[in-house]
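Counting starts at 1 for both ligands and their atoms, in listed order. Below, all heavy atoms of this structure are taken into account, side chains as well, without hydrogens, waters or symmetry copies. The first residue in the sequence is number 1, and the count goes up from there.
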Amino acid sequence: MSQTTPAMDPSTATPYGTLPPASLPAQRKPLSLPRLLEMRTRGEKIAMLTSYDATFAAVADAAGVECILVGDSLGMVCQGLPSTVGVSLDTMCYHVASVSRGLHRAQGTAWLIGDLPFGTYQESKEQALRSASALMQAGAHMVKLEGGGWTAETTRFLVERGIPVCAHLGLTPQTVHALGGYRVQGRSDEGAATMKRHAHELEDAGAALLVLEMVPAALSTELTHELTSCATIGIGAGNGTAGQVLVLHDMLGVNLGKMPKFVRNFMQEAGGVKEAMQAYVAAVKNGSFPDNAAHAW
Ligand code: KIV
């Protein structure tokens with residue numbers, strides 16, 4: 001049975017975060033890979049946030065967030081798992097599809113990235129292609145995978161087959177058990193050299209974006225200048241990266257634990273969620289977030 005959208009009278013309150021009709025005119029040009037890379041070249045910072053459902057994604061889009069990441073952090077944020085390791089591909093597809101619908105009911109201009117969860121790309125390039133295809137068919141524009149070294153070959157395989165790839169180095173939560181905890185990465189000379197080598201290999205393989213998580217600010221700034229066709233997106237990596245990402249619930253202050261050092265609660269001074277997101281976008285763009293003295297190593 002097909003689902004129809006009830007006609008909306010603008011003077012009547014609408015329930016459950018109802019989204020506007022799909023015909024809403026877009027307030028900005030849709031984001032695309034060339035546009036993101038052009039922003040990087042121009043020096044305009046890229047604002048990314050995670051979202052896991054239709055309503056928050058639509059509000060983020062309307063607030064000017066350029067990239068929405070359906071991160072496997074949803075395992076911890078939405079499912080109450082102790083880490084991201086238990087997230088399945090089906091769960092990721094469910095949330096990517098929800099976010100994609102939300103975006104298309106609003107402006108539909110944000111660039112949508114879906115995380116490849118643990119165990120769905122490590123076995124072989126072919127397994128990675130099957131998993132990435134499922135995320136793309138659910139509505140993702142790009143997939144993200146964690147780690148360096150062996151991931152370069154997988155990245156090339158996906159990019160050659162038309163799947164844009166966002167890489168992820170530094171603290172890679174899917175390997176938290178191997179790393180021994182949520183710790184800053186790349187502090188030693190050897191660690192920094194390895195991360196640089198991995199970043200260049202991933203760029204050569206065609207990764208267009210690179211998340212750097214919990215990486216010393218000096219190292220991520222150096223990497224941002226060294227890479228020429230890949231835009232760095234920092235989380236706990238200082239203000240020298242081409243863009244920033246935060247987990248939505250963290251930046252809204254919806255976290256009962258101790259907030260990581262790299263998070264700023266944008267809800268504290270905002271009148272609502274959309275205003276908090278707008279303040280985040282503005283702070284990323286004008287370089288006031290992150291503040292290296294407070295949020296970085
Ligand atoms: O899963 C996620 O949300 C992420 C971000 C923290 C970068 O990978």
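Between Ser73 and ligand 1, at least one pair of N/O atoms sits closer than 3.5 Å.
With ligand atoms numbered from 1 in the order given, ligand 1 contributes 1 (O), 2 (C), 3 (O) to contacts under 4.0 Å with heavy atoms of Gly71. Heavy-atom contacts of Asp72 reach the following atoms of ligand 1: 1 (O) (cutoff under 4.0 Å). Less than 4.0 angstrom separates some heavy atom of His168 from each of these atoms of ligand 1: 8 (O). The distance from ligand 1 to the heavy atoms of Asp115 drops below 4.0 Å at these ligand atoms: 1 (O), 2 (C), 8 (O). Residue-ligand proximity, Thr50 to ligand 1, at heavy-atom distances under 4.0 Å covers atoms 3 (O). Interface atoms of ligand 1 facing Lys144, defined by a heavy-atom separation under 4.0 Å, are 4 (C), 8 (O).
With salt bridges taken as basic N to acidic carboxylate O contacts below 4.0 Å, none links Asp61 and Arg105. Note on Arg42 versus Glu38: salt bridge recorded, some NZ/NE/NH1/NH2 to OD/OE distance being below 4.0 Å. Look at Glu269 and Arg264 and you find no salt bridge, because none of the NZ, NE, NH1 or NH2 atoms lies under 4.0 Å from a carboxylate O. Lys196 and Glu222 are joined by a salt bridge, as a carboxylate oxygen and a charged side-chain nitrogen come within less than 4.0 angstrom of each other.
Atom 7 (C) of ligand 1 has Leu69 CD2, 3.7 Å as its closest protein atom, hydrogens excluded (heavy atom only). When hydrogens are left out, the protein atom nearest atom 6 (C) of ligand 1 is Ile235 CD1, 3.8 Å; that is the closest non-hydrogen contact.
Within the 3.5 Å criterion, the main-chain N or O of Ala296 finds a donor-acceptor partner in the side chain of Lys261. Arg161 contributes a side-chain N or O that, together with a main-chain N or O of Phe157, makes up a donor-acceptor pair within less than 3.5 Å. Using a distance-only test at 3.5 Å, with no hydrogens or angles considered, a donor-acceptor pair links the side chain of Gln174 to the main chain of Leu116.
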